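The next block holds one structure in the form of structure tokens; read it before the comments.
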Amino acid sequence: MTPTARDYSLVGRDSELAEQNGLVAADWYSVDIDRKEIKRLMRRSDSPAIRDTLIWLGLLLVSGAGGAYFWGTWWCVPFFLVYGVLYGSSSDSRWHESGHGTAFKTRWMNSALYYFSSFLILREPTIWLWSHTRHHTDTIIVGRDPEIATPRPPDIKAMLLNIFALVSTWKTIKALFLHAGGKLTPNEATFVPESERSKVYWIARLYIAILLGVVLVCIATGSILPAMLVGLPSLYGGFMAIYFGLTQHSGLAEDVLDHRLNSRTVYMNPIFRFLYWNMNYHIEHHMFPMVPFHALPQLHEAIKHDCPEPYPSSIAAYREIIPTLLRQLKEPGFFVRRTLPNGAEPVPHNPGAVFQTSS
Amino acid sequence: MSDWIDACALDDIDEEDAITFKHDGGYYALYRTEDDQYYVTDGLCTHERVPLANGLVMGKIIECPKHNGRFDFTTGEAKGAPVCVNLKTYETDIRGGRLFFKLD
Ligand code: FES
């Protein structure tokens, strides 16, 4: 086969290779854990998420009101900083947890939080529900996983622009118009079933209507303050979402059927863990996705003997991620090999794909 | 032609739980509710064929451990995305402290 860089599209060469190599909807390594214990950890509860959601909404309200009150002075900056992070970054973990149906025990609360936080993070709820489903089936399998944040070689410019969600928002806006017109991209068509598509189209129209409404209010009032409260925080407050999100898989192995090798568990401080809803326990989350966020620290204790050393902090994780991504610019085949306690070897697949810098 | 299959002793399944039962190359999920009712369905999720009994039983719902697809295991009804296809259910019977189900 002609040496070539990886093809990350879901309808391309590596998609076929993944299929041929048995990487599609495959059996993944799972740490042996007592059945009763894992069932106990999977139990749902409303109270942790109700508590956290009330705090989150309360802080959104207070910081948003403060920003509006001090609008026109420098005093609005710290308020909008807090508001932006809660709106444009913390919504990521709320979207994620409620999408798994694990945030609350009560189903409608999960749904309400899912649709609300999807809007805040500017993600189309139906598309992302299905894309995330695929991400869990085929985690970091090239040609299958639509949520590979850092392909090799990485697109550093896009990553930098995404500190303020610029590339992702641009993509979302284009997608909204495509979906509002009743169409999906070829990639999306591989993971969104026929029965769900009309929902995609209607929600896209609703998003456009809300965002246009905000623009009209801005024009009518002659101020961008309304957009500072609804819409723009997804951009100016998105930097913590990418800060947290890149620790999940960036720079680690592709095409391995073992989450211990393609995901990171990173210890974080309590404020980060509140904002990120414990998704720093990312190996644990991928191995047992039905364990709610509040039980992940306990799950971590239960399985850590069979996992690589956790990273002591997010800074420590970035000490590995940044040099790795820079090296992948020249050497896209390079990745970080995590050391497993039992010395198990990573299982690389797609042998036909040889890495080269695309010219 | 239908067969009654001797699946397990009633106590093999914990209250509000499920176990997997393999028979003749097929996977089945055997359920026990909190009030000791027993049900049997196909054992693999209709979404991506993951063994359902590793998931959580909540009332009459089994939640798939992979992507949180939910089924009413008393009727097999799929309760929404990502599961869109219902689960096959089987008639059950209790004889001498054991759970039987009818294969058709
Ligand atoms: S495999 Fe059961 S919901 Fe996806």
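All of these numbers come straight from a predicted model, not from anything done at the bench. In what follows, chains carry the letters A, B, and so on, assigned in the order in which the sequence lines appear, proteins first and then strands, with residues in each chain numbered from 1.
- In this structure, chain A has heavy atoms under 4.5 Å from both the backbone and the side chain of B:N54.
- Heavy atoms of B:I19 lying under 4.5 Å from chain A belong to its backbone as well as its side chain.
- With a 4.5 angstrom heavy-atom cutoff, A:T102 does not touch chain B via any of its atoms.
- The parts of A:T133 that come within reach of chain B are both its backbone and its side chain, each placing non-hydrogen atoms under 4.5 angstrom from that chain.
- Side chain to side chain, B:D93 and B:W4 fail the donor-acceptor criterion of an N or O pair below 3.5 Å.
- At a threshold of 4.5 Å between non-hydrogen side-chain atoms, the residues A:I303 and A:E284 count as touching.
- At most 12 heavy atoms of other shown residues, nucleotides or ligands fall within 6.0 angstrom of atom CZ in B:R49.
- Between A:Y276 and A:F244, the ring planes are parallel. Angles under 30° get that label, and only those over 60° would be called perpendicular.
- Proximity to chain A is limited to the backbone of B:V57, based on heavy atoms less than 4.5 angstrom apart.
- Using a 30° and 60° split on the angle between ring planes, A:H179 and A:Y201 fall in the tilted class, from 30° to 60°.
- With a threshold of 4.5 angstrom between heavy atoms, A:R35 approaches chain B through side-chain atoms but not through N, CA, C or O.
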When you look at A:S111 and A:R107, which way does the side-chain hydrogen bond (donor to acceptor under 3.5 Å, both in side chains) test go after all the steps? CA-CA 6 Å; A:S111 301; A:R107 198 68 172 159; 5.6 Å; no

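- Ranked by non-hydrogen atom pairs under 4.5 Å with chain B, the options A:K36, A:H132, A:R44 are led by A:R44.
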